[in-house]
Chemist: 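Sharing a structure, written as structure tokens. Questions coming.
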Amino acid sequence: AGARPCSPKFFGRDAMVCVCSAAYCDAPGPTVLPAPGAYAKYESSKAGKRLERSEGTFQRSLRAPDLVLTLDATQRFQKIKGFGGSITDAAAINILSLPERAQEHLLRSYFSEEGLEYNLVRIPMASCDFSLHAYTYDDIPYDFELQHFSLRDEDTKLK
């Protein structure tokens, strides 16, 4: 594996996307943790950077910095379980509309070690604002035993 650069496609003045196809898909490369006292930065820009990695070291003294970041390693606020995205009806429809090889490239770019390494996925219960139509799993009032509960095609075929 390893980093693969963006295959750009331009739309007008300053709009650009990276094209992922059955033949090729960009990837940032495996995540490598920096040494203690150092940081890794991934940057994207209108100028063409796409998850471009650079490294630096933290400074203990201030010498006219453009940015001051203060870290208190003794103070813990929350734990991060992971990172991911949402598989909505619209996302599933778009993924499934791709050729099989392009689907594989896309999913690898999200979940593999050579990609973003997502480890969590959120799936909406029933429809959401990215669904083709509104639907629920049980529209019968007071059906506490869920006798009329059923999944929709969107749930079994898409998600």
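Small disclaimer: the values here were computed from a predicted structure and weren't measured.
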Chemist: Provide the full list of salt bridge (Lys or Arg N to Asp or Glu O under 4.0 Å) pairs with a residue in residues 31-45, sequence neighbours left out, each pair given once.
Modeler: Lys41-Glu43, Glu43-Lys49
Chemist: Using a 3.5 Å cut-off and no angle test, enumerate the donor-acceptor pairs between side-chain atoms of residues 92-103 and protein atoms at least two apart in sequence or in another chain.
Modeler:
unit_1	atom_1	unit_2	atom_2	d
Asn94	ND2	Ala90	O	3.0
Ser97	OG	Asn94	O	2.7
Arg101	NH1	Glu104	OE2	3.0
Gln103	NE2	Leu98	O	2.9

Chemist: Working note: Tyr137 + Asp155, criterion side-chain contact (heavy atoms from CB on, under 4.5 Å); need CA distance, chi angles, decisive distance, verdict.
Modeler: CA-CA 10 Å; Tyr137 295 139; Asp155 299 296; 2.9 Å; yes
Chemist: Does any pair with a residue in residues 23-32 pass salt bridge (Lys or Arg N to Asp or Glu O under 4.0 Å), and if so which ones, sequence neighbours excluded?
Modeler: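 Every candidate salt bridge (Lys or Arg N to Asp or Glu O under 4.0 Å) pair involving residues 23-32 fails, so no pair, neighbours aside, qualifies.
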Chemist: Suppose we screen for salt bridge (charged side-chain N to carboxylate O under 4.0 Å, His left out). Which residues come up paired with Arg152, at least two apart in sequence or across chains?
Modeler: none
Chemist: Main chain of Gly115, side chain of Arg108: is a donor-acceptor contact present, judged purely on distance under 3.5 Å?
Modeler: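 No, Arg108 side chain to Gly115 backbone: no donor-acceptor pair under 3.5 Å.
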Chemist: Starting at CD of Glu154, measure out to NZ of Lys159 and round the result to the nearest 0.5 Å.
Modeler: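 Between Glu154 CD and Lys159 NZ, I get 7.5 Å after rounding to 0.5 Å.
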Chemist: Flag yes if Phe144 and Phe149 sit in one hydrophobic cluster, no otherwise; membership is Ile, Leu, Val, Met, Phe, Trp, Tyr, and two members link when side-chain heavy atoms are under 4.5 Å apart.
Modeler: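 Cluster IDs for Phe144 and Phe149 differ.
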Chemist: For residues 135-144, which residue pairs pass the salt bridge (Lys or Arg N to Asp or Glu O under 4.0 Å) check, not counting sequence neighbours?
Modeler: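 Residue pairs with at least one partner in residues 135-144: there are none.
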Chemist: For Asp129, check side-chain contact (heavy atoms from CB on, under 4.5 Å) against everything at least two apart and list the hits.
Modeler: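 Applying side-chain contact (heavy atoms from CB on, under 4.5 Å) to Asp129 gives none.
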Chemist: Could you give the distance from OG (Ser109) to CD (Glu114), rounded to the nearest 0.5 Å?
Modeler: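 Result: 9.0 Å between the selected atoms.
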Chemist: Atom CG of Leu51 and atom CG of Leu116: how far apart are they, to the nearest 0.5 Å?
Modeler: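 Nearest 0.5 Å value for the CG-CG distance: 6.5 Å.
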Chemist: Using a cut-off of 6.0 Å, state whether more than 12 heavy atoms not belonging to Phe130 lie near its atom CZ.
Modeler: no
Chemist: Enumerate, atom names and distances included, each donor-acceptor pair closer than 3.5 Å involving a side-chain atom of residues 31-38, sequence neighbours excluded.
Modeler:
unit_1	atom_1	unit_2	atom_2	d
Thr31	OG1	Glu117	OE2	2.7

Chemist: With heavy-atom distances below 4.5 Å as the criterion, would you say the side chains of Cys18 and Lys9 are in contact?
Modeler: no
Chemist: Counting distance only, does the side-chain N/O of Ser131 pair as donor-acceptor with the main-chain N or O of Ala134 below 3.5 Å?
Modeler: no
Chemist: Under the ring-ring contact (aromatic ring centres under 6.0 Å, His included) rule, what pairs show up with a residue in residues 7-26, not counting sequence neighbours?
Modeler: none
Chemist: Looking at residues at least two apart in the chain, or sitting in another chain, which of them share a ring pair (Phe, Tyr, Trp, His ring centres under 6.0 Å) with Tyr142?
Modeler: none
Chemist: Could you list all the ring-ring contact (aromatic ring centres under 6.0 Å, His included) pairs where at least one residue sits in residues 100-123, not counting sequence neighbours?
Modeler: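 Checked against ring-ring contact (aromatic ring centres under 6.0 Å, His included) - neighbours excluded - the pairs reaching residues 100-123 are Tyr110-Tyr118.
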Chemist: Please list, one pair per line, the donor and acceptor atoms closer than 3.5 Å that link side chains of residues 119-128 to other protein atoms, with sequence neighbours excluded.
Modeler:
unit_1	atom_1	unit_2	atom_2	d
Asn119	OD1	Phe83	N	2.9
Asn119	ND2	Lys81	O	3.3
Arg122	NH2	Ser86	OG	3.0
Ser127	OG	Tyr135	N	3.0
Ser127	OG	Tyr135	O	3.1

Chemist: If you round to the nearest 0.5 Å, how far is CG of Leu107 from SG of Cys25?
Modeler: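 Output value for this atom pair is 10.0 Å.
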Chemist: Tyr42: what forms a ring pair (Phe, Tyr, Trp, His ring centres under 6.0 Å) with it, not counting sequence neighbours?
Modeler: none
